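None of the values given here were measured: they were computed from a predicted structure.
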Amino acid sequence: MRHIFILLFVFTAAIAQAQNPGTLVGKLTDKDFNNDPLPFANVLIKGTIKGTTSDFDGLYSIENIEPGTYTIVFSFVGYETQEIEATIEAGKITEINVPLSASAASLDEVVITTTTKRESEVALLLEQKKAVEIKQSIGAEELSRKGVGDAAGAVSKISGVSKQEGSSNVYVRGLGDRYLNTTMNELSLPSNDVNKKNIDLNLFSSDIIENVSISKAYSTGFYGDFSAGNVNITSKNYSGDFYVDAFVGSGFNTNAVDKDFVRSEGTGYFGYYGRYEHNPFPVILSHGFDPETAGNPINVGYGASIGKSYDFKNDSRLSVFLTGSYENEFQYRKGTNTDYTLVEKKAYIDSAEEYEFGTTSTVMGNLKYRIDENNTLKFNSLFINSSSDVVGYFGMDGNGRNRDAILNTDKGFYQMNVQFDQTRIFVNQLLGNHKSDKFEVDWGFGVNTVFSDQPDRKRISIENYHFALDNDSNTNPTFYSNVDFDNQRYFQNIEDEEYNGRANIAYSATENLKFNLGYNGRSKERNFENIRYGYDIVDSDYAIADVNNLNSVFNLNNLNINQGSNGIYEIKVINTIPGQSNTNRPGLPENTYSGNLDIYAGYLNAEIKVGEKWLFVPGVRLESVSQKIGFDVINLGTQGEGEIGSHENFLLPSLNVKYALNEDQNLRFSASQTVSIPEFKEVAPFVYENISTKIGGNPDLLDKGFSKIFNLDLKYEWFYSKSEIFSLGVFAKEINDPVNLVVGADATGTQRFFRTGDKATVYGVELEVRKDILKNADDNTVLSAGLNATYMHTEQDLYSQIDGDFYDVSFEKTKDELQGASPLLINADLSFSPKFEKYEPTANLVFSYFSDRIDALGSGQLGNIVEKSVPTLDFIWKNNIKKNFEVNLSIKNLLNPTIKYVRETTLGDIVVNSANGNGISNYKRGMDIGLQLKYNF
């Protein structure tokens, strides 16, 4: 009996043991991306319906599996599916870690491969969640959904960021161009504009962008010239089988579509000017003055991408990616142009118009060689050609006013400005990543070259223009020629060359302790020169028979070669060739400067995990900065030639803290000290003159060296699903010796940069929400909404008097807001994505708004120049038809707000122009309507 009981007990235990289930766990990683975690991949037990997906960290777990041998299927769209046999033992945990690599799959899978990891909103939310510093990103997927065409539009959709209408200026937390840094693949980029520190983000089309991120809190890996943040553009790359896609699009601007467009003589359809090798003097002798027909104002765009990967032995892979695109855009603006300081100098009230024809051509190629799973090399080469061709007419109704006019100060003053700008940018980068046991080395080296030219700007000034409109052949307008350069041709050239590099050695001492030892360096040189040739009208009574045919006037037949030759005009130059006359002879550059900036820095930080909740990242950066400018300019007289410089070493500490409240919620804190370095354009005393504005640099800025800035951030993040977030943050900054753009209270009204006070403070709060409102039966989002908003308070003290070595200025106010800071910024979007079998449309409404902000501080009795608030609403409709075909419709600027700058005066606001914006103020931009067809082969 006892033996029977024992046998029964053993048999029952064996059955119980056999029925005790096991568990399968593991981690999925991206083999093509440094073995980073691969979230949301599928894990399925073959032949069953039991499975799961990996989480944010690539981890997965399947419980309650009956003991036995199974085939486990690991898959992710666009990656090679792997089937692995596993034996599940009763009551035990079986672990399988699987690296997945890009597959040689069908096209639609390959396309998703390039977007899933670093372009999708889900992946970037994961990156934001895990980031050491406070960081936000927007990827190619979201850019496409919101109809964003370039990097400038991309960053303006991030909380606390806004873009200035009519320029490339981007403001982060109210701080503009001088307080930002721009990098590509974490290597610095040069500026394409003499008046800017950062490169124009409009030049980076969405075709070459994998994602754009803004790091708002400083960490030691960034350059110390970090106040508002660092914008980093990550270029697209590719891993997978051969693919080709192409797109073509067209559209129009509602203001421009019915206009007869004109552009500069000598420029091409693709935005090229072919006379750079020629001296300007024979150019103006040989080529005409009048603008030429620009064709039908219909926008077009087209481009293609191609990629292929080659697999070799030992698990190595070479991936090749090439993309190219061209697009143009016609814009028409009609409004006001006014030069007003304490009194009106010149005014074209509602009688100024500009025709702009812009082009952007982009070619990017990269090679990515994965030597093995621990070593990767990448070469990236980018070329961008961008042009802007603007023809402006001012006073076209005959009512233009000029206080300094000779014949009539109350009406009849007229000007034409024909201006072509071309920028050619070459960016070449070599990048590497290497892993060995506890070490990881990440490095990059870049060479950047920029050619930014303004060739043959033509400007004409006419009096009694109303006589050209009266249909009376006996009354005609005449040239305004108070000085030789009231009628002129202007040539400007900028060349930037920069070498830069970075290296970071990461050492993971334990699972909870990691050290980063790194280096950043850049050496940048800029050379600038310009020359003007003025038309001295010898025959002051010359009657202009046809104001639209100036070629009949400015030609060799009418050149006054010798005294008494009865010519109409002579050509004048300011800086003569030694031994040559200043009349009808070539000259030397009028203004030149060369600038050098050298930054070398080393840093050390530690990533310290304390328990499961805390992450501390203390760090320190030692940075050496040298800056010098040699200049030779005409507007400073005997002080116009010289060299200035500054050198300083900085010790910049930082602390970033992350506390994980739970798996989905973080609390972040950041504190740091950074600096602000004056830019070449802020220091070089060259003055650029537009129709009604003048802007120049101020060498006095270097007297106090570089500004120190203290930064504090506190942020709460809740990632309540893989695609949803709620975050709330507060921030504060103290800027010592802040630099502002100031309008001088003098006869010229020139805007220059000054250190306006001892201190400026910035306080703000940021809110971001992304919410899925409606999902379908497959748990895919049908209706979603997003909102981010920033409210800021800025205040700076102002000196009563600034007595500089070069320039003086005074302020009647003791305090004011910081230049460029909007108290309120809002970005919002609503997305609707239903699914009808093979038809998957997506409709988006995208809204943005910034409140009034100071464009330039007024000095003395002058009021500030204020950029008025602008709301923008865009509608984007994307249609995926079948697998490979897209038809996309966009209607942008639906609200069509007025773009306006005003000067605050005791008599009320006066419409004026911005030195940073277009030549027109108080205008409507019109709606942009576009249709795009895209096919994936």
Side-chain angles (χ1 to χ4, degrees), residues 127-128 130-137 172-173 175 179-189 213-232 431 433 439-446 500-509 512-522 597-610 614-626 648-659 668-677 706-715 731-736:
E127 191 173 86
Q128 180 178 334
K130 299 181 67 176
V132 172
E133 73 273 9
I134 296 176
K135 173 181 177 181
Q136 288 176 270
S137 302
V172 178
R173 292 176 167 176
L175 302 178
Y179 293 106
L180 296 175
N181 281 326
T182 306
T183 56
M184 182 174 182
N185 300 320
E186 299 180 8
L187 290 171
S188 60
L189 288 170
S213 64
I214 290 187
S215 299
K216 301 176 184 176
Y218 178 72
S219 64
T220 51
F222 296 116
Y223 285 100
D225 187 12
F226 180 112
S227 305
N230 187 91
V231 179
N232 184 60
L431 310 165
N433 181 269
F439 286 92
E440 180 176 357
V441 179
D442 191 65
W443 59 271
F445 175 75
N500 56 76
R502 62 174 175 83
N504 186 85
I505 301 174
Y507 173 65
S508 299
N512 296 322
L513 179 61
K514 178 180 178 181
F515 293 98
N516 289 286
L517 176 66
Y519 164 85
N520 299 96
R522 58 188 301 205
L597 176 66
D598 295 303
I599 303 177
Y600 305 103
Y603 63 87
L604 175 67
N605 66 50
E607 299 176 20
I608 306 168
K609 294 181 181 178
V610 179
W614 290 96
L615 173 64
F616 295 89
V617 187
V620 64
R621 180 183 181 91
L622 178 61
E623 186 166 281
S624 175
V625 182
S626 296
E648 197 164 344
N649 296 320
F650 300 102
L651 189 66
L652 304 175
S654 69
L655 174 64
N656 285 277
V657 180
K658 182 173 75 171
Y659 177 70
R668 296 179 181 272
F669 170 77
S670 176
S672 63
Q673 179 184 326
T674 56
V675 296
S676 178
I677 302 171
F706 308 129
S707 303
K708 292 183 179 180
I709 302 173
F710 301 95
N711 312 279
L712 290 174
D713 283 87
L714 181 64
K715 186 176 185 180
F731 58 91
K733 295 179 182 294
E734 181 181 285
I735 305 171
N736 293 312

From CG (L189) to CE (M184), nearest 0.5 Å: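 The CE atom of M184 is 7.0 Å from CG of L189, to the nearest 0.5 Å.
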Show the nearest heavy-atom pair for residues [X] and [Y], with the distance to one decimal.
X    : Y    : value
R522 : S188 : NE-OG, 3.5 Å
D225 : S676 : OD1-CA, 3.4 Å
N232 : N185 : OD1-N, 3.4 Å
L431 : G444 : CD2-CA, 3.8 Å
W443 : F445 : CE3-N, 4.4 Å
A217 : N656 : CB-OD1, 4.2 Å

Restricting to side-chain hydrogen bond (donor to acceptor under 3.5 Å, both in side chains), what partner residues turn up for [X], sequence neighbours left out?
X    : value
D598 : S523
R502 : D442
S626 : H647
N605 : T220, N516

Aromatic plane relationship, F222 with Y218 - under 30° parallel, 30 to 60° tilted, over 60° perpendicular: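 Judged by the thresholds at 30° and 60°, the geometry between Y218 and F222 is tilted.
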F515 and Y507 aromatic ring geometry - parallel, tilted or perpendicular at 30°/60° bounds: parallel
N181 side chain to N230 backbone, donor-acceptor under 3.5 Å: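 No: the side chain of N181 does not pair with the backbone of N230.
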With sequence neighbours excluded, residues passing ring-ring contact (aromatic ring centres under 6.0 Å, His included) with Y223: none
Residues which pass side chain to side chain contact (heavy atoms under 4.5 Å, CB included) with I505, listed by chain and number, not counting sequence neighbours: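 Only F439, V441 meet the side chain to side chain contact (heavy atoms under 4.5 Å, CB included) criterion with I505.
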Step-by-step side chain to side chain contact (heavy atoms under 4.5 Å, CB included) determination, L652 to Q673: CA-CA 6 Å; L652 304 175; Q673 179 184 326; 4.2 Å; yes
